[in-house]
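Okay, structure first, notes after.
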Amino acid sequence: MAAAAELTLLEKSLGLRKGNKYSAQGERQIPVLQTNSGPCLTGLATIAAHLVKEANKEYLLGSTAEEKAIVQQWLEYRVTRVDGNSNKDDVRILLKDLNSYLEDKVYLTGYNFTLADIVLYYGLHRFIVDLTVQEKEKYLNVSRWFCHIQHYPGIRQHLSSVVFIKNRLYTNSH
């Protein structure tokens with residue numbers, strides 16, 4: 001999904017009705033937002049954080065210094081590790097690492113839903129939608145997290161719903 005489309009989804013999920021105009025810059029198609037009051041904002045993480053502040057939903061950026069740092073860490077992870085990865089081996093490594101990380105967490109920061117969950121959900125959607133039932137079971141923690149985020153009010157919008165089976169079909173999936 002193009003960054004402009006993703007940022008438009010984020011705007012709607014935050015309750016912003018403006019319909020900002022986005023452009024893309026350079027070979028990697030880095031998103032750019034022209035603000036009314038000043039300079040252009042460049043980059044997915046920068047623009048996403050700006051939209052959260054514009055919507056007066058700063059709690060999505062984290063409530064403690066540690067949580068804010070974790071949100072920033074996952075925004076950077078999204079841009080550096082998820083974007084641009086399309087080969088199956090890279091995606092498999094990414095899902096394996098994320099699966100281990102989410103083993104004892106409900107959300108990326110632990111127990112609070114944040115911008116990191118939204119942005120990573122949008123970034124992973126194109127990969128998760130193509131997983132087989134067996135692959136979804138192999139990455140059980142990612143599947144649990146992803147299913148939870150896609151059912152969070154206002155997040156999925158027009159994106160296709162990914163079906164997860166609640167009863168395990170394969171016993172040797174790990």
Side-chain angles (χ1 to χ4, degrees), residues 1-26 28-33 41-62 67-68 70-88 90-99 101-102 105-110 112-131 135-136 139 141-164:
M1 171 177 9
E6 190 175 324
L7 289 165
T8 301
L9 286 175
L10 178 61
E11 279 183 12
K12 289 179 185 171
S13 73
L14 294 170
L16 295 172
R17 303 272 183 249
K18 293 190 345 180
N20 285 309
K21 298 286 185 233
Y22 299 100
S23 58
Q25 177 181 72
R28 292 192 61 212
Q29 295 295 292
I30 297 168
V32 177
L33 168 64
L41 299 177
T42 305
L44 180 69
T46 301
I47 296 169
H50 169 74
L51 293 174
V52 165
K53 290 174 184 170
E54 207 172 45
N56 291 319
K57 296 189 177 183
E58 283 90 349
Y59 63 89
L60 288 173
L61 298 174
E67 200 173 74
K68 288 175 184 182
I70 294 170
V71 168
Q72 190 59 43
Q73 168 189 301
W74 282 106
L75 293 176
E76 288 175 23
Y77 180 88
R78 161 60 205 278
V79 171
T80 59
R81 294 288 314 269
V82 176
D83 293 355
N85 276 335
S86 55
N87 109 29
K88 198 126 174 107
D90 288 344
V91 172
R92 200 174 302 120
I93 291 166
L94 188 134
L95 292 174
K96 183 179 180 226
D97 291 347
L98 185 57
N99 196 61
Y101 179 80
L102 287 168
K105 293 169 187 64
V106 177
Y107 299 107
L108 292 171
T109 60
N112 295 315
F113 177 75
T114 65
L115 178 62
D117 295 292
I118 300 170
V119 171
L120 198 58
Y121 167 80
Y122 290 148
L124 291 176
H125 187 275
R126 65 190 169 118
F127 303 126
I128 303 293
V129 78
D130 289 334
L131 293 180
E135 288 171 319
K136 289 176 194 168
Y139 306 114
N141 299 319
V142 172
S143 294
R144 171 189 45 78
W145 169 82
F146 190 91
C147 186
H148 186 61
I149 301 303
Q150 83 174 347
H151 287 97
Y152 205 88
I155 299 301
R156 186 173 58 82
Q157 299 175 47
H158 74 276
L159 295 176
S160 58
S161 180
V162 178
V163 176
F164 294 92

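If you're wondering where the values come from, they're calculated on a predicted model, not measured in any experiment. The residues of the chain are indexed from 1 along the displayed sequence.
- Separating the CZ atom in Arg78 from the CD1 atom in Ile118 is a distance of 12.0 Å, to the nearest 0.5 Å.
- Here the side chains of Asp90 and Arg81 are not in contact, with every heavy-atom distance at 4.5 Å or above.
- Residues Tyr139 and Phe146 form no side-chain contact, since every pair of their non-hydrogen atoms from C-beta on lies 4.5 Å or further apart.
- Under a cut-off of 6.0 angstrom, the local environment of NZ in Lys105 is crowded, with over 12 non-hydrogen atoms contributed by other residues, nucleotides or ligands.
- Here the side chains of Leu102 and Leu108 are in contact, with some heavy-atom distance below 4.5 Å.
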Is there a side chain to side chain contact (heavy atoms under 4.5 Å, CB included) between Tyr101 and Asn141 once you walk through the steps?
-> CA-CA 9 Å; Tyr101 179 80; Asn141 299 319; over 6 Å; no
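- Note that the CD atom of Gln72 and the CG atom of Leu61 stand 9.0 Å from one another [nearest 0.5 Å].
- Residues Leu10 and Leu16 fail the side-chain proximity criterion, which asks for heavy atoms closer than 4.5 Å.
- Put simply, CD on Glu67 and CG on Leu60 are 10.0 Å apart, with the number rounded to the nearest 0.5 Å.
- Under a 3.5 Å cut-off, the side chain of Lys12 and the backbone N or O of Gln157 do not form any donor-acceptor pair.
- With rounding to the nearest 0.5 angstrom, the CG atom of Leu98 is 5.5 Å from the OH atom of Tyr77.
- The minimum heavy-atom distance linking Val32 with Gln25 is given by the pair CG2-CB, 3.7 Å.
- We find the NZ-CZ distance between Lys88 and Phe127 to be 10.0 Å, quoted to the nearest 0.5 Å.
- Asn20 pairs in a side-chain contact (heavy atoms from CB on, under 4.5 Å) with only one of the listed residues (Leu51, Ile47, Leu7), which is Leu51.
- Of the inter-residue distances, the one linking Asn99 atom CG with Leu94 atom CG reads 11.0 Å to the nearest 0.5 angstrom.
- Counting all heavy atoms, side chain and backbone alike, Leu75 lies closest to Ala45 at CB-CB, 3.9 Å.
- Checking each of Trp145, Tyr122, Tyr107, Tyr152 against Asp117 for a side chain to side chain donor-acceptor pair (under 3.5 Å) leaves exactly one that passes, namely Trp145.
- Without hydrogens or angle criteria, Lys136 side chain to Val163 main chain gives a donor-acceptor distance under 3.5 Å.
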Show your reasoning for whether side chain to side chain contact (heavy atoms under 4.5 Å, CB included) applies to Lys53 and Glu58.
-> CA-CA 6 Å; Lys53 290 174 184 170; Glu58 283 90 349; 4.1 Å; yes
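- Side-chain contact between Glu54 and Leu14 is absent, with no heavy atoms from C-beta onward closer than 4.5 Å.
- Side-chain contact check for Ser160 versus His125: some heavy-atom pair is nearer than 4.5 Å.
- Counting heavy atoms from C-beta outward, Ile155 and Gln150 have side chains that stay 4.5 Å or more apart.
- Not a single donor-acceptor pair under 3.5 Å links the side chain of His158 to the backbone N or O of Leu9.
- For the pair Leu131 and Val162, the minimum side-chain heavy-atom distance is 4.5 Å or more.
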